[in-house]
Amino acid sequence: MSNQTLPLDQILHGDCIEVLKELPDQCIDLVFADPPYNLQLRKDLWRPNMTKVNGVEDEWDQFESFQAYDDFTRAWLTECRRVLKDTGTLWVIGSYHNIFRVGAILMDLGYWILNETVWIKTNPMPHFRGVRFTNAHETLIWAKKSEKSRYTFNYQLMKRMNGGKQMRSDWVIPICSGPERIKINGEKAHSTQKPMALLERVVLSSSNPGDVVLDPFFGTGTTGAVAKHHGRYWIGIERDPLYIKVAQKRINLVQPPLMAEMPEQPDAPQPRIPFARLLDQGLLVEGQRVYFRAELSNAAEVVAGGRLRYGTFEGSIHQVGRHMQGSPCNGWEHWFYADESGELLPIDRLRDMVRAKPQESENENIP
């Protein structure tokens, strides 16, 4: 199946089951699904100070019965298995409300489970009634199409991302907060927005540049944003027009990687370039503004010594990024500068320009 016949890098409006039926067989390399959790909330939730908790009360999370939820789950998982290539895999995330039902249906349909991964939240919502343990994790199931299917797993990349150690199945990542949380008029745009760091592990571990990533519950577009940034094609399915509008605006701001960066060459490491060298060569100047995740509202100032200042916080491009999103950050991938036309471009492009220039000294000590 040629990628040219697919609706690549598009959000398809409609019910996911019906839209999936329109896609051809074996055309997708990776599926990430964040389906309704069927929370079955029976009453309002209140904090100790008597303010109401804005939980998941959306219509899309409401089902008449467990049987209705199971029928829905079986239908979309069946279609996802049909559109998956024989070498493709599927990730699905959920909570204790639904993940066990999803897992059983996965196995009944012929999927072969590779891993159960736990997303451990560093900043979970407290359990305000105090009658249960605080729900501080969600579960991701990673499955291939069948027991004998071959599949992609970028083991060495995951190992490098984990400081040279094997990536474990417990992922400690904060929930969306601060600048990463998309809001409309001060309210969350989506009640269950997933963090970029979580999707980066999913996409980078299980696909390669040029692969097609499908998200049948697209929401505010985290999957598409990550896929685009890392050189994958993406297809999103979403039935809520507001979510589509938010997601499209968000993805439009994401810069794809340079072709020179694809595919990654793990055995040929590039020379390290300190951020300060961009100032030394006049590519950036003190007082210039740079933008976190290409968002104009999240600007920091370049200061002396190759550092950034965001409000009262000052540090390296990595430290300031970590401060803003509450999790480890590769600043080269997340900070953007404005060129002469006003277009926002990743600062990593400037680093490539430095690397392309012949260096006067090969003995310079780079921290």
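Because the structure is a prediction, the values reported are computed rather than measured.
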Undergrad: Can you tell me how far apart CD (Glu116) and OG1 (Thr139) are? Round to the nearest 0.5 Å.
TA: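 Answer for the CD-OG1 pair, Glu116 versus Thr139, is 5.0 Å.
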Undergrad: Could you check whether Glu301 pairs with Arg289 (Lys NZ or Arg NE/NH1/NH2 to Asp/Glu carboxylate O, under 4.0 Å)?
TA: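 Arg289 and Glu301: not salt-bridged.
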Undergrad: Minimum heavy-atom separation for Ala276 to Gly305, with atom names?
TA: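 Closest approach of Ala276 to Gly305: CB-O, 4.2 Å.
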Undergrad: Is the shortest side-chain heavy-atom distance between Pro195 and Ser327 below 4.5 Å?
TA: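 The answer is no; the side chains never approach within 4.5 Å.
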Undergrad: Is it true that a side-chain atom of Glu238 and a backbone atom of Ile244 form a donor plus acceptor pair closer than 3.5 Å?
TA: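 Not at all, since once roles are kept as given, no pair shorter than 3.5 Å links the two residues.
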Undergrad: Heavy-atom distance under 4.5 Å between the side chains of Trp112 and Lys148, does that happen here?
TA: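 In short, these two side chains do not touch, never coming nearer than 4.5 Å.
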Undergrad: Side chains of His334 and Met324: closer than 4.5 Å at any heavy-atom pair?
TA: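 No, too far: nothing below the 4.5 Å cut-off.
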Undergrad: Would a single hydrophobic cluster contain both Met196 and Met158, if residues Ile, Leu, Val, Met, Phe, Trp and Tyr are joined by side-chain heavy-atom contacts under 4.5 Å?
TA: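 In one cluster with Met158: Met196, yes.
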Undergrad: Counting C-beta onward and ignoring hydrogens, is there a side-chain heavy-atom pair between Lys159 and Lys165 closer than 4.5 Å?
TA: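 They are not in contact (no side-chain heavy atoms under 4.5 Å apart), so the answer is no.
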Undergrad: Under 3.5 Å, is there a donor-acceptor pair linking the side chains of Asn162 and Gln166?
TA: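 No.
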Undergrad: Does any N or O in the side chain of Gln248 come within less than 3.5 Å of the main-chain N or O of Lys245, such that one atom is a donor and the other an acceptor?
TA: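 No: the side chain of Gln248 does not pair with the backbone of Lys245.
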Undergrad: Just checking, Arg101 and Phe66: is the charged tip under 6.0 Å from the six-membered ring centre and within 45° of the axis?
TA: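 The answer is yes; both the distance and angle limits are met.
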Undergrad: Give, for atom CD of Glu18 and atom CG of Leu12, the distance between the pair rounded to the nearest 0.5 Å.
TA: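 One finds 13.5 Å between CD of Glu18 and CG of Leu12.
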Undergrad: Looking at Leu157, is its backbone amide N or carbonyl O close enough to the side chain of Asn154 to form a donor-acceptor pair, meaning the two atoms are under 3.5 Å apart?
TA: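 Looks like no, no N/O pair under 3.5 Å.
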Undergrad: Can you tell me how far NE2 of His137 sits from CD1 of Ile120, rounded to the nearest 0.5 angstrom?
TA: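 Taking CD1 in Ile120 and NE2 in His137, the distance rounds to 8.5 Å.
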Undergrad: Would you mind telling me which of Trp119, Phe217, Trp171, Tyr111 makes a ring-ring contact (aromatic ring centres under 6.0 Å, His included) with Trp91?
TA: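 Among Trp119, Phe217, Trp171, Tyr111, the one that satisfies the ring-ring contact (aromatic ring centres under 6.0 Å, His included) with Trp91 is Trp171.
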Undergrad: Could you tell me whether Trp335 and Phe292 have their ring centroids closer than 6.0 angstrom?
TA: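 Yes, close enough.
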Undergrad: Between Asp352, Asp348, Val354, Leu350, which is the residue that forms a side chain to side chain contact (heavy atoms under 4.5 Å, CB included) with Ile273?
TA: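 For Ile273, the side chain to side chain contact (heavy atoms under 4.5 Å, CB included) check succeeds only for Val354.
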Undergrad: How long is the straight-line distance from CG of Leu279 back to CZ of Arg307, given to the nearest 0.5 Å?
TA: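 The CG atom of Leu279 is 12.5 Å from CZ of Arg307, to the nearest 0.5 Å.
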Undergrad: Please examine the side chains of Leu198 and Thr222, heavy atoms only from C-beta on, and report whether any two atoms are closer than 4.5 Å.
TA: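 No, too far: nothing below the 4.5 Å cut-off.
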Undergrad: Applying side chain to side chain donor-acceptor pair (under 3.5 Å) to Thr117 and Asn115, what does each step give before you reach the verdict?
TA: CA-CA 6 Å; Thr117 300; Asn115 271 117; 5.3 Å; no
Undergrad: Could you state whether Tyr291 and Leu284 fall into the same hydrophobic cluster, counting links through intermediate Ile, Leu, Val, Met, Phe, Trp or Tyr residues with side-chain heavy atoms under 4.5 angstrom apart?
TA: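 No; Leu284 is not reachable from Tyr291 via cluster members.
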Undergrad: Please tell me whether His323 and Phe313 form a close aromatic pair, meaning their ring centres lie under 6.0 Å apart.
TA: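 Yes, they do, as the ring centres are separated by less than 6.0 Å.
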Undergrad: Rounded to the nearest 0.5 Å, how far apart are CG of Asp29 and CG of Leu214?
TA: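 One gets 10.5 Å once the value is rounded to the nearest 0.5 Å.
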Undergrad: Considering residues, nucleotides and ligands other than Trp332, do more than 12 of their heavy atoms fall under 6.0 Å from its CH2?
TA: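 Enclosed.
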Undergrad: Looking at His13, is its backbone amide N or carbonyl O close enough to the side chain of Arg239 to form a donor-acceptor pair, meaning the two atoms are under 3.5 Å apart?
TA: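 Here the side-chain-to-backbone pair does not exist.
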Undergrad: Go through Arg293 and Gln325 one step at a time and tell me if the side chain to side chain donor-acceptor pair (under 3.5 Å) criterion holds.
TA: CA-CA 10 Å; Arg293 296 195 185 278; Gln325 71 179 17; 2.5 Å; yes
Undergrad: For a side-chain contact (heavy atoms from CB on, under 4.5 Å) check, start with the C-alpha distance between Tyr37 and Ile93, then their side-chain angles and the critical distance, and finish with the verdict.
TA: CA-CA 9 Å; Tyr37 286 10; Ile93 188 171; 3.7 Å; yes
Undergrad: Got a donor-acceptor contact below 3.5 angstrom from the Ser149 side chain to the Ser146 backbone?
TA: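 Answer holds: yes.
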Undergrad: Is there a salt bridge (Lys or Arg N to Asp or Glu O under 4.0 Å) between Lys228 and Asp9 once you walk through the steps?
TA: CA-CA 8 Å; Lys228 179 180 178 182; Asp9 302 337; over 6 Å; no
Undergrad: Between the main-chain N or O of Phe275 and the side-chain N or O of Arg351, is there a donor-acceptor pair closer than 3.5 Å?
TA: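 It does not hold such a pair.
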Undergrad: Yes or no on ring-ring contact (aromatic ring centres under 6.0 Å, His included) for Phe218 and Trp234, after CA distance, side-chain angles and deciding distance?
TA: CA-CA 10 Å; Phe218 204 57; Trp234 56 271; 5.4 Å; yes
Undergrad: Just checking, is any N or O donor in the side chain of Asn98 or Tyr69 under 3.5 Å from an acceptor N or O on the other one?
TA: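 There is such a pair (donor and acceptor under 3.5 Å, judged by atom type) between the side chains of Asn98 and Tyr69.
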Undergrad: Between Asp211 and Arg232, is the closest basic N to carboxylate O distance under 4.0 Å?
TA: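 Here Arg232 does not pair with Asp211 in a salt bridge, since their nearest N and O are not under 4.0 Å apart.
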Undergrad: Indicate if Val19 and Ile11 have the same hydrophobic cluster label, given that clusters are the connected sets of ILVMFWY residues with side-chain heavy-atom separations under 4.5 angstrom.
TA: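 Per the 4.5 Å side-chain linkage, Val19 and Ile11 are not co-clustered.
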Undergrad: Are Met353 and Ile317 joined in one hydrophobic group, where the rule is that I, L, V, M, F, W and Y side chains link up if heavy atoms are under 4.5 Å apart?
TA: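 The answer is yes; both residues are in one hydrophobic cluster.
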Undergrad: Is there a side-chain contact between Val92 and Phe32, using heavy atoms and a 4.5 Å cut-off?
TA: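 Val92 vs Phe32: side chains apart.
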Undergrad: Give the intermediate values and the outcome of side-chain contact (heavy atoms from CB on, under 4.5 Å) for residues Val303 and Glu314.
TA: CA-CA 9 Å; Val303 297; Glu314 186 175 312; 4.0 Å; yes
Undergrad: Hey, what's the ring geometry for Tyr151 with Trp142, parallel, tilted or perpendicular (30° and 60° as the breaks)?
TA: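 Because their plane-to-plane angle is over 60°, the rings of Tyr151 and Trp142 count as perpendicular.
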Undergrad: When you compare the side chain of Gln193 with that of Lys188, does any pair of heavy atoms fall below 4.5 Å?
TA: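 Heavy-atom side-chain distance check fails, nothing below 4.5 Å.
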Undergrad: Where do Gly103 and Ile113 come nearest, in terms of heavy atoms and distance?
TA: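 The answer is O-CD1, 4.4 Å.
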Undergrad: Under the 3.5 angstrom rule, does the side chain of Lys145 hit a backbone N or O of Leu84 as a donor-acceptor pair?
TA: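 Checking the backbone N and O of Leu84 against the side chain of Lys145, a donor-acceptor pair under 3.5 Å is found.
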Undergrad: State yes or no: do Val202 and Val254 share one hydrophobic cluster built from I, L, V, M, F, W and Y residues joined by side-chain heavy-atom distances below 4.5 Å, directly or via other members?
TA: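 No, because Val202 and Val254 fall into different hydrophobic clusters, even though each may have its own neighbours under 4.5 Å.
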Undergrad: Output, in order, the C-alpha distance, side-chain angles, deciding distance and verdict of side-chain contact (heavy atoms from CB on, under 4.5 Å) for Thr152 and Thr87.
TA: CA-CA 7 Å; Thr152 295; Thr87 54; 5.9 Å; no
Undergrad: Is Asp280 paired with Arg277 through a side-chain N to carboxylate O contact shorter than 4.0 Å?
TA: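 The answer is no: the pair does not qualify as a salt bridge.
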Undergrad: How many angstroms lie between CG in Asp215 and CG in Asp34, if you round to the nearest 0.5 Å?
TA: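 Here the interatomic distance stands at 7.5 Å.
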Undergrad: Between Ser316 and His318, is the side chain to side chain donor-acceptor pair (under 3.5 Å) condition met? List the steps.
TA: CA-CA 5 Å; Ser316 70; His318 315 295; 5.3 Å; no
Undergrad: We want to know whether Tyr96 and Glu138 form a side-chain donor-acceptor pair, criterion being a heavy-atom distance below 3.5 angstrom.
TA: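 Per modelled atom types, Tyr96 and Glu138 side chains form no pair under 3.5 Å.
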Undergrad: So do the side chains of Leu30 and Val212 get within less than 4.5 Å of each other, counting heavy atoms only?
TA: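 No, side chains not in contact.
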Undergrad: For Ile251 and Ala225, work out which heavy atoms get closest and say how close.
TA: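 Where Ile251 meets Ala225 most closely, the heavy atoms are CG1-N, 3.9 Å.
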Undergrad: Looking only at heavy atoms, which two atoms of Asp339 and Leu345 are closest? And how far apart?
TA: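 Of all heavy-atom pairs spanning Asp339 and Leu345, the closest is OD2-CD1, 3.7 Å.
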Undergrad: Go through it in stages, so that I can follow the logic: the residues are Ser65 and Gln67, the test is side chain to side chain donor-acceptor pair (under 3.5 Å), and I'd like the CA-CA distance, side-chain angles, deciding distance and then a yes or no.
TA: CA-CA 5 Å; Ser65 63; Gln67 185 61 55; over 6 Å; no
Undergrad: Are the side chain of Gln255 and the backbone N or O of Leu344 linked by a donor-acceptor pair below 3.5 Å?
TA: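 Side chain of Gln255 to backbone of Leu344: a pair is present.
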Undergrad: Is a side-chain N or O of Arg81 found less than 3.5 angstrom from the main chain of Leu90, in a donor-acceptor match?
TA: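 Between the backbone of Leu90 and the side chain of Arg81 there is no qualifying donor-acceptor contact (under 3.5 Å).
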